[in-house]
K.L.:
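Can you keep this structure in mind? I'll have questions shortly.
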Amino acid sequence: MLDVKRLRKDFDAVKKKLEKRGENIDELDRFLELDESRRNLIQKTEELKKRRNEVSQEVAKRKRENIDAQDLIDETKNVSINMKQYDEELRAVEEDLQQLMLTIPNIPHESVPIGESEEDNEEIRTWGEIPSFPFPVKAHWDLGVELGMLDFERASKVTGSRFVFYKGAGAKLERALISYMMDLHSDKHEYEEVIPPYMVNRESMTGTGQLPKFEEDAFNIREEDYFLIPTAEVPVTNMHRDEIIEGWKLPFGYSAYSACFRSEAGSAGRDTRGLIRQHQFNKVELVRFVHPEDSYSQLELLTGHAEKVLQDLELPYRVLNMCTADLGFTAAKKYDIEVWLPSYEDYKEISSCSNFEDFQARRANIRFKRDPKAKTEFVHTLNGSGLAVGRTVAALMENHQEEDGSIRIPKVLQNYMGGRTHIQAK
RNA sequence: GGAGAAGUACCCAAGUGGCUAUAAGGGGCUCCCCUGCUAAGGGAGUAGGUUGUGUAAACGGCGCGAGGGUUCGAAUCCCUCCUUCUCCGCCA
């Protein structure tokens, strides 16, 4: 959510910045009108409330002294009725304004390239050598089935399309990656480990920005109005919803393992094979709460933490600075990390690291105080995948495949895989 | 799932329509005094948040788990919901 005061004061400039996202934001024009009518009504209703309070006290005083107060009571009756009318109008206007504010995206940071499509994303750096294979490369969905690691067919029988069974070495590899990532981030990068609830309520989904605009992307448990989390970002950021954090605790972060659930509405026909786009996948998510003045250096730090995983796993990748068209609704700046995927002969997103500035903090009301007497301020929140586990498995299988059909396990994972150096057919 | 109880400040807690929520009384915390050393005593101070007008100082509104309602006036009465606890049932 944007700062209402800033929007009021600086309306045209803010609008101009939002237009660079290429989204339709005509709705924004209603803001000034709603804002003014809100403040008008507040003044009217508060004046009446003040009057009512004064009279009530006078009535109380007279009753104590056994003096008749009927004239005052009659007078206040009307005051109360008017007050309630204004209150009701005010409630309606505030509701409208709130709904409007919830649909306005974040303002892009000045370092974000202006663009119209993913073509305009800016490559910041690449790491590692794109492998060249002296034999025909296999896609992970073929390798996975041949090695008994993945079973897509039975998953679609048991559930439906875009689900998978991990089996044998596949299940073990998935579990090894989760453990390795969680250990790396908690032991070396000083995140606190978290396993969150996989379902959240509507307030949480609104707090991080999935709702109200993107409801069709999530799975909803109708009976309770809960949502299956599309990412651990949602429960973990909302852990501190409606809290005031003591300033000395900042910055801090959580490393959260969870399953993630996405309806993938609108992606029919894309990435139909393999692990790349599933309705359910595992992810280790990094979430940071930081001082506002530090959030851009914290974004670099966070991105580095995610990159370290790929470096340890010896997987080539590149980092992109996402342009205004590709930023998403909530981010002020976003780096995508894309891993090399031989079957695609291209890079594929494996982590998305964002600085939301105070956008989520305003929605979720997450604040801090620099010291006990200080004013409250909104924190800045950041998050990034560290990493998406399913896509990591795919990248690892494909990049580390050997001519004999086996898969080389990188050194950092070997202890987690019972000392094995390769996965091979039985 | 059934039955009951509770939710007031940093914590415990009093308050059952106006008689100070300007929140009793404890505890804790901060400062001061006395004492003089891992003690004890005395005194003072301890809503926070949010929002409106205003350049500001300031002056208002809201606040007793949340939201409604009744009333001139609600922590107090009524309704709905949430959370916690106890007992029963079920269950990994």
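Below, read A as the first sequence line, B as the second, and so on, with proteins coming before strands; counting in each chain starts at 1. Since we're looking at a predicted model, the values are computed, not measured. All values below were derived from every heavy atom in this structure, side-chain atoms included, with hydrogens, water molecules and symmetry-related copies excluded.
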K.L.:
With sugar-phosphate meaning primed atoms plus P, OP1 and OP2, does Asn53(A) contact a base, only sugar-phosphate, or nothing at under 4.0 Å between heavy atoms?
P.N.:
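It contacts sugar-phosphate atoms only.
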K.L.:
As an exercise, state the distance from NZ of Lys213(A) to CZ of Phe329(A), rounded to the nearest 0.5 Å.
P.N.:
5.0 Å
K.L.:
Charged N to carboxylate O below 4.0 Å: is that the case for Glu89(A) and Lys44(A)?
P.N.:
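Answer for the salt bridge query: no.
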K.L.:
If you assign Arg367(A) and Arg52(A) each to the RNA chain B nucleotide with the nearest heavy atom, which residue ends up on the more 5' nucleotide?
P.N.:
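It is Arg367(A) whose nearest nucleotide is closer to the 5' end.
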K.L.:
If you count heavy atoms of other groups shown closer than 6.0 angstrom to CD of Glu203(A), is the number above 12?
P.N.:
yes
K.L.:
Can you tell me which nucleotide in G61(B), U51(B), G18(B) comes closest to the side chain of Ile42(A)?
P.N.:
U51(B)
K.L.:
Heavy atoms under 4.0 Å, any strand shown: does Val55(A) hit a base, just sugar-phosphate, or nothing?
P.N.:
nothing
K.L.:
Under 4.0 Å, heavy atoms only, any strand: does Thr76(A) hit a base, just the sugar-phosphate, or nothing?
P.N.:
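Sugar-phosphate, backbone atoms only, no base.
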K.L.:
By a strict heavy-atom criterion of less than 4.0 Å, which residues belonging to residues 78-90 of chain A are in contact with RNA chain B?
P.N.:
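RNA chain B contact set from residues 78-90 of chain A: Ser80(A), Lys84(A).
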K.L.:
For Arg62(A) and C19(B), give me the distance from atom CZ to atom P, rounded to whole Å.
P.N.:
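Nearest whole value for this atom pair: 16 Å.
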K.L.:
If you measure from the Lys or Arg side-chain nitrogens to the Asp or Glu carboxylate oxygens, is any gap between Arg51(A) and Glu54(A) under 4.0 Å?
P.N.:
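Looking at Glu54(A) together with Arg51(A), the answer is yes, because their closest N to O distance falls below 4.0 Å.
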K.L.:
Can you check whether any acceptor in the base of G60(B) is under 3.5 Å from a donor in the side chain of Glu46(A), or vice versa?
P.N.:
yes
K.L.:
Report the nucleotide, chosen from G52(B), G61(B), G69(B), that has the shortest atom-to-atom distance to any side-chain atom of Arg8(A).
P.N.:
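Nucleotide nearest to Arg8(A)'s side chain: G52(B).
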K.L.:
Would you classify Arg51(A) as touching base, sugar-phosphate or nothing, given that sugar-phosphate means primed atoms plus P, OP1 and OP2, and contacts are heavy atoms under 4.0 Å?
P.N.:
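The residue Arg51(A) makes no contact with any strand.
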K.L.:
Scan Thr376(A) against the nucleic acid and name what it touches under 4.0 Å (heavy atoms): base, sugar-phosphate only, or nothing.
P.N.:
sugar-phosphate
K.L.:
What distance separates Thr272(A) OG1 from Phe152(A) CZ, expressed to the nearest 0.5 Å?
P.N.:
11.0 Å
K.L.:
Go through C62(B), G18(B), G48(B) for me and flag the one nearest to the Lys369(A) side chain.
P.N.:
G48(B)
K.L.:
I'd like to know if the side chain of Ser295(A) pairs up with that of His380(A) as donor and acceptor (distance under 3.5 Å, no hydrogens or angles considered).
P.N.:
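Yes, a side-chain donor-acceptor pair sits under 3.5 Å.
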